[in-house]
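Each remark here refers to the structure printed beneath this line.
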Amino acid sequence: MNQTLPARLILEDGTVYHGRSFGALYSAAGEVVFSTAMTGYPESLTDPSYKGQILVATYPLIGNYGVPEYVLRNGLAENFESDKVQVTGLIIADYSDKYSHWNASASLSEWLTRQGVPAIAGIDTRALTRKIREKGAMPGKIIIDRDIDFYDPNKDNLVAQVSASIKTVYGQGSIRILLVDCGTKNNIIRCLLKRDVTVIRVPWDYDPAGEDFDGVLLSNGPGDPAQCTKTIEHIRKLYAAGYPIFGICLGSQLMALAAGARTYKLKYGHRSHNQPVIRNGTKLCYITSQNHGYAVETSSLPEEWESSFTNLNDGTCEGIIHRSMPWMAVQFHPEASAGPVDTEFLFDDFIRLVKQRKNG
């Protein structure tokens, strides 16, 4: 690995950070965001919700346990959340090239290089994170081999870029769940398969008419939910049919939009494995894994809907639920990976709703 080649991160406001390259030797542009997670970089870097983004890792040491081997189980990459690195680039303070872990098969540098993703070490990520917190997430570019233009990924339909292109079926469970793939993490499928579910994974714009299923799960995904007009149209049809629906992250925003509510862009988003949320109406607090840049505007929810969870850091809406129909959604990741599994019970709640409707 060559960490001597100089590299720069340039923000849209003209700020320049100097470091050294430890990934692919290409320039790249995207939205610069940060995550406060301390572990789980193989899972985070393969999360499709990071599509189009340059990720700043606030934890000071990255790469110390390498990257695990690519192994398929049940048709899914066992140690990753998709089949490739999804971030546009990675920014860290200190890279550990002497990795050690029982299942490591390569260094982080080797993996990123093979995947064609640039990375910079030696950046003051504390100063960079403070700037993003003050100014908000903004376009930036990693300059290594040549200068390039800035790029704002939120103007594109990123969901269409990361969604599956064909229908795929996993498992042979007694409950059939239609998974609308807006950039789904593999662990959502794993959590369903553990619960006697047949998972029918379909593209983001798939018309469910004529499909045989008992309930619907709307997955996470990148970018502005308002771009997914076809998905929103299909959700309204699913509402009319009364199917049980569970939305996760972007799926929550899409359910809100389909119900007539509004969404908005957060200043710098929630990206970490340590976000505290409280279940509304209780004193129950959960530590959650999150990765999103948009949120539901609580005041815009129709009368028959209510907020179910609230973020204790900034008071934003972390979940919605219908007062009488089997429709629920959360902004955080109950499947985690990486992160705490405090809220995985929500999959059980959803399957219970599906069984109740199926059994009459």
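Sorted by first then second residue, the side chain to side chain donor-acceptor pair (under 3.5 Å) pairs that include residues 25-36, not counting sequence neighbours, are Ser27-Asp145, Glu31-Gln53, Glu31-Asn154, Glu31-Lys265, Thr36-Asn274. For the side chain to side chain donor-acceptor pair (under 3.5 Å) condition, the pairs that include at least one residue of residues 327-339, sequence neighbours left out, are Glu81-Ser337, Lys185-Glu335, Gln253-Gln331, His333-Glu335. The side chain to side chain donor-acceptor pair (under 3.5 Å) analysis of residues 56-68, with sequence neighbours excluded, yields no pairs.
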* Assess whether side-chain contact (heavy atoms from CB on, under 4.5 Å) is satisfied between His273 and Glu43, documenting all intermediate values. => CA-CA 11 Å; His273 305 153; Glu43 297 93 337; over 6 Å; no
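Leu266 forms part of a hydrophobic cluster together with Tyr264, judged by ILVMFWY side-chain heavy-atom separations under 4.5 Å. Other residues sharing the hydrophobic cluster of Ile10, ordered by chain and number and joined by side-chain separations under 4.5 Å: Val16, Ile143, Ile148, Phe150.
Contacts of His234 classified as side chain to side chain donor-acceptor pair (under 3.5 Å), with partners at least two apart in sequence or in another chain: none. Residues satisfying the salt bridge (Lys or Arg N to Asp or Glu O under 4.0 Å) test with Lys237, not counting sequence neighbours, are Glu233. Legend: residues meeting side-chain contact (heavy atoms from CB on, under 4.5 Å) with Thr288, ordered by chain and number and at least two apart, are Gln275, Val277, Tyr286, Gln290, Phe332, Thr343. Checked against side-chain contact (heavy atoms from CB on, under 4.5 Å), Ile321 has the following partners two or more places apart in sequence or in another chain: Glu306, Ser308, Met328. Glu134 meets the side-chain contact (heavy atoms from CB on, under 4.5 Å) test with Arg130; sequence neighbours excluded. Judged as a salt bridge (Lys or Arg N to Asp or Glu O under 4.0 Å), and not counting sequence neighbours, Arg133 has no contacts. Under the side chain to side chain donor-acceptor pair (under 3.5 Å) criterion, His18 pairs with no residue at all, not counting sequence neighbours.
Contact check on Arg195 versus Asp348 returns a salt bridge, with a Lys/Arg side-chain nitrogen under 4.0 Å from an Asp/Glu carboxylate oxygen. A salt bridge does not link Lys355 with Asp214: every distance from a Lys NZ or Arg NE/NH1/NH2 to an Asp or Glu carboxylate oxygen is 4.0 Å or more.
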